[in-house]
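Working notes, beginning with the structure itself.
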Amino acid sequence: MTAPLIAVTMGDPAGIGPEIALKAARALAPRISVGAIRLAIVGSVAELARTDAALGLGARLRPGLAPAVWPEIAVIETAPARMPIAFGAVSGEAGHLAYEAVATAVRHALAGDVAAIATAPLNKEALNLGGHRYAGHTDMLADLTGVKDSCMMLAHGALRVTHVTTHVALARVPALLTPERLDRTLRLTFEALGRLGIAAPRVAVAALNPHAGEGGLFGTEDDTVTVPVLRDWRARGFKVHGPVPGDTVFVKAAAGQFDAVVAMYHDQGHIPVKLLGFRIDPASGAMAELGGVNVTLGLPIIRTSVDHGTAFDIAGRGIANPSSMVEAIEFAARLAQGGGG
């Protein structure tokens, strides 16, 4: 079976996006050379070449969809920069180039030219300065694909976490915990686990309140909303557990008791994944490892992303760690192959 072609967007060229995209291609060269995975970076050839020259990576950029093996890299060209881009500086031009990379990748994915896209980080301020009024990748992708709703999954190793709510104030979360929203999140979670080749997946649903409400002492949402929804899913034969208190559910998932956890809000789901995926060197205080993948569920295309930002403070210095980008590409390939690879 031919390996899926993954389009890797370059992200904001003022940040570490182009660097980690190029480094990921280099790191995956052994798998690419045996046909296990295929890559094409989407972005401005000029900006990718600038990053390559600044860092001395030695890549050879080749426009076109046909995959190549390091040091050659296939590049799906987008618009060139209309003005110079400086490493580490927020600019509307850099935001526009980041948008063009995503929009181009989405067009190719919808057309079937690529099997999935893996996105490098962009800067929300730069994106809006560039005339693209989005809060980030998620709502941009929903707009570009015509989807009104989607769901975020974070993954690192065997820990997979989907979210009922994400970028909203904590005070709004209880009102947004509706049976319909929880039901949709569960459906997308089970669909994603199926695409990963997991038979009879086990999903835990985190409680909203401490101790799952403690019989109503700390809130009633777990009893009035979550319990009836989970009862319905179990009646249909699905392995759904919960509501499980948030202070223990991720420990159990990390121990292999569950294949995924449904988190109720942003930090509840993000903290455990980043705690496992990020590692800081105790001697230098520098980030030694950046692990974790962000997956957007509910789109008509497969999209994964790194689980970190543009890191303007280290852009252009050649020290960015591509591990999360490599993980995002490999996760996209697994989803595209339906669990194979």
Let me check something: any side-chain donor-acceptor pairs from residues 13-25 under 3.5 Å, sequence neighbours excluded? List them with distances.
unit_1 : atom_1 : unit_2 : atom_2 : d
Glu19  : OE2    : Lys23  : NZ     : 2.6
Glu19  : OE2    : Ile319 : N      : 3.3
Glu19  : OE2    : Ala320 : N      : 2.9
Lys23  : NZ     : Gly318 : O      : 2.9
Lys23  : NZ     : Ala320 : O      : 3.0

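- Arg50 forms a cation-pi arrangement with Phe87, by the criterion of a distance under 6.0 Å to the ring centre and an angle within 45° of the ring axis.
- Between Tyr99 and Tyr134, the ring-plane angle classifies as parallel under the 30° and 60° cut-offs.
- Under a 3.5 Å cut-off, the side chain of Arg60 and the backbone N or O of Pro71 do not form any donor-acceptor pair.
- Side-chain atoms of Asn209 do not come within 3.5 Å of backbone N or O of Ala212 as any donor-acceptor pair.
- No continuous path of ILVMFWY side-chain contacts below 4.5 Å connects Leu141 to Met153, so the two sit in separate hydrophobic clusters.
- Remark: side-chain polar atoms of Glu72 are not paired, donor with acceptor, to backbone N or O of Leu61 under 3.5 angstrom.
- Using a 4.5 Å cut-off on side-chain heavy atoms (C-beta onward), Met264 and Thr165 make no contact.
- Leu208 is listed as a side-chain neighbour of Tyr265, based on a closest heavy-atom distance under 4.5 Å.
- For Arg31 (side chain) and Arg38 (main-chain N/O), no donor-acceptor pair under 3.5 Å exists by modelled atom type.
- Summarising the local packing, CZ of Arg234 is surrounded by more than 12 heavy atoms from other residues, nucleotides or ligands at distances under 6.0 Å.
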Verdict with supporting geometry, Thr185 and Thr162, side chain to side chain donor-acceptor pair (under 3.5 Å): CA-CA 7 Å; Thr185 305; Thr162 52; over 6 Å; no

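- Side chain of Thr104 to backbone of Ala101: no donor-acceptor contact under 3.5 angstrom is found.
- Without hydrogens or angle criteria, Arg160 side chain to Asp259 main chain gives a donor-acceptor distance under 3.5 Å.
- Aromatic ring pairs are classed by plane angle as parallel below 30°, tilted from 30° to 60° and perpendicular above 60°; the pair His96 and His132 is parallel.
- In this structure, Leu122 and Met140 have side chains that are in contact, with non-hydrogen atoms separated by less than 4.5 Å.
- Under a hydrophobic clustering in which Ile, Leu, Val, Met, Phe, Trp and Tyr are joined whenever their side-chain heavy atoms come within less than 4.5 Å, directly or via other members, Val90 and Val102 fall into different clusters.
- A donor-acceptor contact shorter than 3.5 Å links the side chain of Ser324 to the backbone of Asp307.
- For His241 and Phe258, the distance between ring centers is under 6.0 angstrom.
- Of the possible donor and acceptor atoms, none in the side chain of Asp222 sits under 3.5 Å from a partner among the backbone N and O of Gly219.
- The backbone N or O of Asn128 lies less than 3.5 Å from a partner atom in the side chain of Arg133, making a donor-acceptor pair.
- Note on Leu276 and Met152: same hydrophobic cluster, where clusters join Ile, Leu, Val, Met, Phe, Trp and Tyr whose side-chain heavy atoms are under 4.5 Å apart, directly or indirectly.
- No continuous path of ILVMFWY side-chain contacts below 4.5 Å connects Leu275 to Val244, so the two sit in separate hydrophobic clusters.
- Without hydrogens or angle criteria, Thr220 side chain to Gly216 main chain gives no donor-acceptor distance under 3.5 Å.
- Taking the side chain as every heavy atom from C-beta outward, Ile41 and Leu48 approach each other to under 4.5 Å.
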